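This one's a predicted model, so the numbers in the text were calculated from it and none came from an experiment.
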Amino acid sequence: MLVVAAGAVSLGAGWVSGPAAIGVLSLMLVAVLGIVWTAFVGGLETRRALAPYGLLKPGILWLCLFFLAPLWSMLEMSLSAKKSRFDFSPSFSWHWGNYATALTDFGPQFGRSFFYAAAATVLTLLIGYPLAYVIAFRGGKFKSVLLGLVAVPFFTSYLIRTLAWQNLLADEGPIVGLINKLGVEQVFEWLHIMDNGRLMNTPAAVIGGLTYNFLPFMILPIFVSLEKIDARLVDAAMDLYSTATGAFRKVVLPMSLPGVFAGSLLVFIPAAGDFVNAQFLGSPQTTMIGNSIQDQFLRQLNYPVATAMSFVLMSVITVSVLVYAKFMGTEELM
Amino acid sequence: MDANDPVVKLDHVRKQYGSFVAVHEADFSIGRGEFFAMLGPSGCGKTTTLKMIAGFEQPTDGRVMLEGADVSQVPPHKRNVNTVFQQYALFPHMSVFDNVAFGPRAKKISETETKKRVSEMLDVVRLGEFANRRPAQLSGGQQQRVALARALVNYPSALLLDEPLAALDLKLREAMQIELKRIQREVGITFVFVTHDQGEALTMSDRIAVMSEGRVEQVGAPQDIYMRPQTLFVAGFIGSANLLPGTVASVDGGVVRINLAGGAQVAVSSSQCADSVDVSTGARVTVMVRPEHAILGSNVEGLAVRVTDTVFQGSSMRIVGRLSDNTEVVALAPIDPTHATPQPGQDCTITWQATSPYVLGGWPETAGSTTTNVDSIEAAL
Amino acid sequence: MENNNNPSSRGARYSRREFLIRSGLVGAGALSLPAILAACGGSSGSSSGGGAKELYFENWPGYIDTETVKAFETATGIKMKYTEAYNDNNEYFAKVQPMLSKGQKIAPDIVAPTFWMADRWIQLGWAQKLDKAAIPNAKNLRDDLLAPSWDPKNEYQLPWQTGIAGIAYNKKATGKDLKSVEDLFDPAFKGKVGMLTEMRDTLGLVLMGMGKKLSDIKTYDDAVEAFDKIEKAKTDGQIRAFTGNDYMDDLNTGNFAVCVAWSGDVMQIAKDNPDVHFVVPEEGGTSWYDTMMWVAGSENSDSVSSWMNYIYDPVNAARITAFTGYFSPVKGVREELVKMGGEAAALADNPLVFPDADSVSRLQGWGSLAEAEEAKFDERFASITGA
């Protein structure tokens, strides 16, 4: 197992090449065949003992080859320095300057990404929770239909959905038209949703797009945790002198927190790294870190800085998730 | 408020869902400190009646009174009754302590007082050392006791129990029956419990309301219900009985003579007749004789019966026979080594003491012995 | 910002949606590693072999008619492969650099980088010298496209198609006709101005608006004022977005009152929307062109020459123009279009396909930027566009 995993990482990370790669490959093959052979001749007991490893192998191989190995070469790249602009194989040199650049030059983008992602998470929660609640407790025989409707937007491409928003939010589009007709544009301006009479290309549009695109990721886990709640627990709470609100606050809400937790992560993490919504619904003042990373990779061909930014993004997300988990006390909830 | 006022009073209560009538008319009272059972097969309306007392359902007609006040439209959290739910409905995300403290906290009782009450109540149900466990870490019987404590800690006017023992296995159920009685005696609170198990109802209750198809058939003490059933349903549903249809031949000086379907005539004291039974000559009546009251012998006065089967039951012998018109009857005879047990094929007679038979109005759907007993009801449900 | 910014990717023959899906997919993929890119790119197989002559041209999407490739195969007996995977200068550069920088071959024989990218390829040694003697029809090419400063003898590249960047406006939103670069900075259009992520077009127009000559721009310092001006407009909220091809919808619906635009795109919109207009500003417009370049490592010299010679025949060039509507690099196309009659003949009189002499006189082209200077340009422009 270890041999196979190490082999996969070393091949993927490009530590070995040429004849050495063939050597590593054969070593991996021997290791796999060895395990299979042991299982074959070893009888029932051995097979039973080896079975878990056999089942783990595809996953471990996959992760080693397509996660750990790229991660390693990214780490290496993020500490490399380019000798010239078109130096395509920057050499590893403990060049921490890439991280300094990532943090100093892209501070606003990082800040925006986390702010937008957090705002989208809160909004998806505010919109998604009541929806999941109604489907779970009042859905009746339409439960699966309603859930299906929640998932329907997934049947079209992410980009198409975002582009559809461009049309909805356009200056001459239906929503701006309605706002103007109702004469409430000042309210929207005051709320900083509208900017200079438009919805498109504003922070609100980006947050709105993120919220819309990630809403199902919030609804589904919350629905699952709500659906598991026995309706009699609500009766029991009301029987024990709680009002309907009290029963929700003390029984339903705490019991659905694992779903809220899962949903928040499923929304926040991809939203923080998203670049599609900022690109198509935003303006030059709303770019998120995903856009910057993409630009550094593809336009500037600045792989060291781009990988350093990716690592910063990854660590900040990891840390905030850990803090969040601590705060939410997930072990208590699960 | 008078201490003799009933705690719960159902005043001509009726519950209807669309065109379906769940409860036709429930009209009875439950006294202070009483252990009251609502008994009946599933779908008889007993749970609906309980929910109306708890406040989860509102009556279509009539009134539900608690401690003399009409609470028909009062929501559950404002009624001073508490429920032990089927499957207990304990809050899985809270410890045993927090579960029990839920009610007092909702009533904004001070935390010190809450703590005191909760530990007291946990002691009553003998779960003191389990206060910090989660419900999932407890056995079924322990969960049951948590549910009791959670309800009783609020000192409700009445405790409502919905099939409280149904989820337990037989042994535990028997232990819990005793435990429930003990707790009820200790706290002195009115218990209203719903069950389909007549054995449970008979052994535990002070009074029983037998329900069938949305109607309250009879309300009374267990002995009354058993010995003096007022309807054929009650007679058949509670315990075993031999139901012998016949017509009234004559009424003379407190003695009712009845011609049985098989041709024989029996005489029953009019004090052994149901309250509202019509005993005018020619009226259709049924004579009920409990198997344990049927005496087997060779007395010429008795009903002629041919033994078809005998079953040894340990403390007694169950003897099945047929009357001349082929109606099946059952007698329970004590095991007596000095007497020979009747054998299948043997002809005997059945007699009974004057206080044994009971006369009910109308004819049963099937004449003869009812096979209804605890096990068969449960099997049917 | 996404960088689907090359003018010539403004295909009329595929929908904007398809375009965006493609670019989105490429964008998503691009977040992976160069090492992975390398692993994906190298497997396309080799282009040459013994026996029958072959040719592989990787071009921008929607950039050729349906007949020319077949006609070329029939005329020459060369087996030709034509793909449309050249979607973006920078992306394509990122995709092929792992091979070409190591001296390995890539599959296509000819690719179509825009002039400034072609300059980079030549500097990096990724292009081969053309066999000019085998391309006699090169004499038909427009003189203004020949001998750029970075390839003075046209040794390495010849033009494929050309176009103009100027300003476009939606009259319904502006309420008046525009003619100056300064209109992009008119406070009346605050929040309704679009600029292209194609730096040379956006920056070029602003520089000309400040009275500079593009051929004089050699260093970052020469352009810093224009950069500052664009940045200020962005900070003030004057500029709504920096876009690639996706500005077409915004212009059409009026989200953009005025924007930097490519002539061919505007021609497409103007067909259906008479409010949309394109002008070469009085201060000047930029001209650009996409090249054809023989990729280093390719061995199909004869096929490459045959192809270039074939499409520089005005008859063949006119067929391509009739389909794409671009300003052809070949002289005599206008006459051929008239001969073709019908819709093609109408194009001959379209000022966006064949700009009048007055407009042409105001066009300027960029010179070559030294590597270090170009890096400064790109970096500053990227920080302004917000990416």
Side-chain angles (χ1 to χ4, degrees), chain A residues 12-14 66 69-71 73-74 77 84-90 105 108-109 157-160 162-163 166-167 169-173 195-198 200-202 273 275-276 278-280 282-288 290-303 306-307 310, chain C residues 1-3 5 16-17 20-21 23-28 30-36 38-39 88 90-91 93-94 97-98 100-102 120 123-124 172-173 190-192 195 197 234-235 237 239-242 246 249-250 253-256 371-372 374-375 378-379 381-387:
Chain A
F66 295 111
L71 203 66
S73 32
M74 272 178 69
M77 179 64 83
S84 67
R85 182 161 193 230
F86 300 120
D87 177 5
F88 300 117
S89 42
D105 290 7
Q109 280 85 351
S157 140
Y158 183 25
L159 276 158
I160 300 292
T162 311
L163 291 174
Q166 282 192 336
N167 294 328
L169 299 182
D171 291 8
E172 311 293 328
D195 177 20
N196 207 8
R198 62 199 158 81
M200 259 303 282
N201 310 101
T202 60
F275 61 94
V276 172
Q279 181 185 328
F280 291 113
S283 75
Q285 267 119 322
T286 65
T287 40
M288 294 169 69
N291 305 87
S292 302
I293 293 176
Q294 199 200 10
D295 183 73
Q296 286 297 317
F297 254 116
L298 283 186
R299 178 177 270 263
Q300 311 305 327
L301 302 170
N302 198 348
Y303 303 144
T307 45
S310 306
Chain C
M1 285 311 251
E2 175 60 274
N3 39 3
N5 46 1
R16 179 165 161 274
R17 275 185 176 185
L20 288 165
I21 290 166
S23 59
L25 290 177
V26 172
L31 286 172
S32 56
L33 277 180
I36 302 282
D88 179 285
N90 285 304
E91 267 168 25
F93 184 79
Q97 62 83 3
L100 289 174
S101 63
K102 289 198 188 100
R120 190 189 287 178
Q123 285 180 39
L124 290 167
K172 228 162 94 185
K190 187 180 175 199
K192 285 184 162 284
M195 288 191 176
T197 50
K234 175 198 118 172
T235 318
I239 297 169
R240 181 188 188 115
F242 290 92
D246 39 332
D249 245 14
D250 285 324
T253 59
N255 285 348
F256 287 165
E371 188 182 308
E374 192 190 27
D378 281 352
E379 198 176 306
F381 192 66
S383 85
I384 293 172
T385 54

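- For Lys190(C), the parts lying under 4.5 angstrom from a heavy atom of chain A are both the backbone and the side chain.
- For the atom pair NZ (Lys172(C)) and CD (Glu172(A)), the distance works out to 6.5 Å, reported to the nearest 0.5 Å.
- Side chain of Gln285(A) to backbone of Lys234(C): a donor-acceptor contact under 3.5 angstrom is found.
- Note that the CZ atom of Phe242(C) and the CG atom of Asn201(A) stand 12.0 Å from one another [nearest 0.5 Å].
- In this structure, Pro284(A) and Ile239(C) approach most closely via the heavy-atom pair CD-O, 4.4 Å.
- To the nearest 0.5 angstrom, Asp250(C) atom CG is 6.0 Å from Gln166(A) atom CD.
- The shortest heavy-atom contact between Thr287(A) and Thr385(C) is CG2-O, 4.3 Å.
- With a 4.5 angstrom heavy-atom cutoff, Glu374(C) touches chain A via backbone and side-chain atoms both.
- Salt bridge annotation for Asp171(A)-Arg240(C): present, with a cationic side-chain nitrogen under 4.0 angstrom from a carboxylate oxygen.
- How far CG of Asn167(A) is from OG1 of Thr253(C): 8.0 Å, rounded to the nearest 0.5 Å.
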